[in-house]
Amino acid sequence: MNMEKLNLTQEWDKVFPKSDKVDHKKVTFHNRYGITLAADMYTPKGTEGKLPAIAVSGPFGAVKEQSSGLYAQKMAELGFLTIAFDPSYTGESGGTPRYVASPDINTEDFCAAVDFLSVQENVDPEHIGIIGICGWGGMAINAATIDTRIKATAAMTMYDMTRVNANGYFDSEDSEQARFEKKKAMNAQRTEDYRSGTYALAGGVVDPLPEDAPQFVKDYYAYYKTPRGYHPRSLNSNGGWNVTSSLSFLNMPILQYSSEIRSAVLLVHGEKAHSRYFSETAYSKLTGDNKELLMIPGANHTGLYDQMDIIPFEKLKAFFAEYLK
């Protein structure tokens with residue numbers, strides 16, 4: 001991809017236009033595993049005192065210069081101090097080897113973002129929320145399960161990455177034998193990786209795009225592989241995750257105690273999204289009168305990544321204003 005074509009510069013390396021209504025700066029913080037995380041902070045211009053704050057991450061395999069940054073910048077325009085961060089082992093964040101994911105560490109990344117926001121002089125530590133997009137929607141709900149400092153959580157077009165890795169899409173591989181074959185292949189790859197001293201990559205979004213690709217794969221391509229959303233640091237736009245990255249997801253399901261979340265949760269999904277069953281299942285496990293599932297008519301999975309006429313920002317504003325007040 002041509003950087004000039006994508007209009008990315010050292011001054012502004014995002015795939016979305018810069019807003020003149022917010023101040024932006026780069027920040028770093030660390031999680032309790034000692035990994036340094038990189039983030040973009042967006043602050044509404046002309047504000048004083050302590051603000052409600054929101055940490056944003058996702059989609060799974062994206063970077064903060066893509067969808068999460070777009071959300072963070074817009075929510076800052078709406079009056080919140082926000083950060084969009086790269087999860088451990090990805091983007092500008094630390095951690096080696098690169099391009100590996102973990103249901104535990106990536107949940108911790110959200111909690112570490114709350115650590116960071118809680119000690120900022122211009123943040124009210126009692127008024128902190130999070131937004132997770134795609135696979136980080138599941139991580140956000142998982143973080144809300146354990147972190148009582150999180151007062152409101154929005155999961156946008158969410159995936160449960162542990163479920164899709166263990167069971168396949170639409171639970172079509174939900175059998176002991178299917179999981180055994182996956183484990184066998186990935187453990188064979190572990191041996192090869194150790195022997196070679198490098199970690200084989202699984203490949204990002206398929207490119208070139210096969211004519212008979214499922215529609216949702218075409219939708220991913222349209223975001224990650226075109227100037228609309230391509231970024232040179234994005235896993236999905238390039239070489240993808242390590243082949244063995246999925247191993248821990250087979251063995252460590254998230255959302256086991258999501259029914260015990262007492263804080264507010266909003267799940268937003270596209271009506272036409274292939275992934276809507278993840279939100280529907282997650283919502284069915286939530287309890288209390290401060291939980292909501294919102295379906296966006298006609299929207300697909302990736303429409304909620306960056307389509308400003310589809311993403312319900314006024315709803316998000318009202319949701320966080322209510323529960324972070």
Side-chain angles (χ1 to χ4, degrees), residues 1 6-8 13-19 40 42 54-78 82-87 90-91 101 106 130-141 153-161 164 169 204-207 209 213-238 240-241 266-276 278-279 294-316:
M1 284 285 179
L6 296 170
N7 198 30
L8 303 182
D13 58 354
K14 325 297 186 230
V15 302
F16 51 88
K18 185 176 183 179
S19 171
D40 287 303
Y42 300 90
I54 302 170
V56 191
S57 197
F60 195 80
V63 288
K64 63 188 181 304
E65 291 78 17
Q66 296 172 308
S67 181
S68 61
L70 173 68
Y71 271 77
Q73 179 176 259
K74 181 62 179 180
M75 294 307 294
E77 287 185 350
L78 297 175
T82 65
I83 58 172
F85 66 88
D86 287 329
T90 69
N106 296 141
I130 59 176
I131 297 174
I133 307 163
C134 184
W136 259 260
M139 301 299 178
I141 296 173
T153 301
M156 313 298 295
T157 194
M158 73 156 279
Y159 262 56
D160 176 345
M161 295 306 303
V164 74
Y169 278 107
V205 173
V206 61
D207 188 12
L209 184 68
Q215 183 58 48
F216 72 91
V217 174
K218 294 178 180 178
D219 295 338
Y220 283 134
Y221 184 95
Y223 182 75
Y224 287 107
K225 290 291 189 174
T226 73
R228 170 185 163 195
Y230 175 88
H231 196 278
R233 286 193 292 271
S234 167
L235 283 72
N236 289 345
S237 291
N238 297 284
W241 297 94
L266 171 66
L267 298 103
V268 180
H269 227 107
E271 176 196 16
K272 303 298 185 182
H274 69 284
S275 52
R276 63 177 284 177
F278 292 120
S279 282
L294 174 65
M295 284 289 169
I296 306 301
N300 63 18
H301 180 83
T302 57
L304 290 171
Y305 283 9
D306 66 338
Q307 301 302 289
M308 302 301 285
D309 59 336
I310 293 177
I311 302 170
F313 280 113
E314 287 302 316
K315 174 66 176 182
L316 289 172

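What you see is a predicted model; the values in this text were computed from it and never measured.
Legend: residues meeting side chain to side chain donor-acceptor pair (under 3.5 Å) with Gln73, ordered by chain and number and at least two apart, are absent. Contacts of Phe16 classified as ring pair (Phe, Tyr, Trp, His ring centres under 6.0 Å), with partners at least two apart in sequence or in another chain: Trp12. For Lys272, there are no side chain to side chain donor-acceptor pair (under 3.5 Å) partners, not counting sequence neighbours. For Lys218, the side chain to side chain contact (heavy atoms under 4.5 Å, CB included) partners are Leu209, Ala213, Gln215, not counting sequence neighbours. Listed by chain and number, the residues in a salt bridge (Lys or Arg N to Asp or Glu O under 4.0 Å) with Asp160 amount to none (sequence neighbours excluded). Under the side chain to side chain contact (heavy atoms under 4.5 Å, CB included) criterion, Ala55 pairs with Ile83, Phe85, Ala113, Leu117, Ile130, not counting sequence neighbours. In this structure, the side chain to side chain donor-acceptor pair (under 3.5 Å) partners of Ser234, at least two apart in sequence or on a different chain, are Gln66, Ser237. Residues that satisfy the side chain to side chain contact (heavy atoms under 4.5 Å, CB included) test with Ile131, not counting sequence neighbours, are Ile54, Val56, Tyr71, Met75, Ile133, Ala154, Met156, Phe320. For Tyr220, the ring pair (Phe, Tyr, Trp, His ring centres under 6.0 Å) partners two or more places apart in sequence, or in a different chain, are His274, His301.
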For a ring pair (Phe, Tyr, Trp, His ring centres under 6.0 Å) check, start with the C-alpha distance between Trp241 and Phe60, then their side-chain angles and the critical distance, and finish with the verdict. CA-CA 10 Å; Trp241 297 94; Phe60 195 80; 4.6 Å; yes
Working for side-chain contact (heavy atoms from CB on, under 4.5 Å), residues Lys315 and Leu266: CA-CA 10 Å; Lys315 174 66 176 182; Leu266 171 66; 4.1 Å; yes
With side-chain contact (heavy atoms from CB on, under 4.5 Å) as the criterion, how do Phe278 and Val164 come out once you've worked through the C-alpha distance, each side chain's angles and the decisive distance to 0.1 Å? CA-CA 9 Å; Phe278 292 120; Val164 74; 3.8 Å; yes
Using the side chain to side chain donor-acceptor pair (under 3.5 Å) rule, take Asn236 and Tyr223 through it: C-alpha gap first, then chi angles, then the decisive distance, then the call. CA-CA 10 Å; Asn236 289 345; Tyr223 182 75; over 6 Å; no
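Listed for the Ser279 side chain is no donor-acceptor partner under 3.5 Å among the backbone atoms of Arg276. Glu271 places no side-chain N or O within 3.5 Å of a backbone atom of Met295 that could act as its donor or acceptor partner. Judged by distance alone, the side chain of His269 and the main-chain N or O of Asn300 form no donor-acceptor pair under 3.5 Å. Between the side chain of Thr226 and the backbone N or O of Ala222 there is at least one donor-acceptor pair closer than 3.5 Å. Between the side chain of Tyr224 and the backbone N or O of Asp219 there is no donor-acceptor pair closer than 3.5 Å.
Scanning both residues, Asn106 and Pro87, for their nearest heavy atoms gives ND2-CB, 4.0 Å. Closest non-hydrogen pair, Val63 versus Ser68, comes out as O-OG, 3.8 Å. Nearest heavy atom pair, residue Ala72 against residue Ala84, reads CB-CB, 3.8 Å. The two residues Tyr305 and Ser67 come nearest to each other via the heavy atoms O-OG, 2.7 Å. For Pro232 against Asn238, the heavy-atom pair with the smallest separation is O-ND2, 3.2 Å.
Looking at Met308 and Phe313, their side chains come closer than 4.5 Å, going by heavy atoms from C-beta outward. Taking 4.5 Å as the limit, some side-chain heavy atom of Val206 sits within range of a side-chain heavy atom of Val217. By the 4.5 Å heavy-atom criterion applied to side chains, Leu78 and Glu314 are counted as neighbours. With contacts defined as side-chain heavy-atom distances shorter than 4.5 Å, the pair Ile311/Val268 does not qualify.
Among residues at least two apart or in separate chains, salt bridge (Lys or Arg N to Asp or Glu O under 4.0 Å) pairs with a member in residues 294-309 are Arg228-Asp306. Listed by first and then second residue, the salt bridge (Lys or Arg N to Asp or Glu O under 4.0 Å) pairs involving residues 130-139 amount to none (not counting sequence neighbours).
Put simply, OH on Tyr42 and CG on Leu70 are 8.5 Å apart, with the number rounded to the nearest 0.5 Å.
Between Glu65 and Arg233, at least one side-chain nitrogen of the basic residue sits less than 4.0 Å from a carboxylate oxygen of the acidic one, meeting the salt-bridge criterion. For the pair Lys14 and Asp40, the salt-bridge criterion is met [side-chain N within less than 4.0 Å of a carboxylate O].
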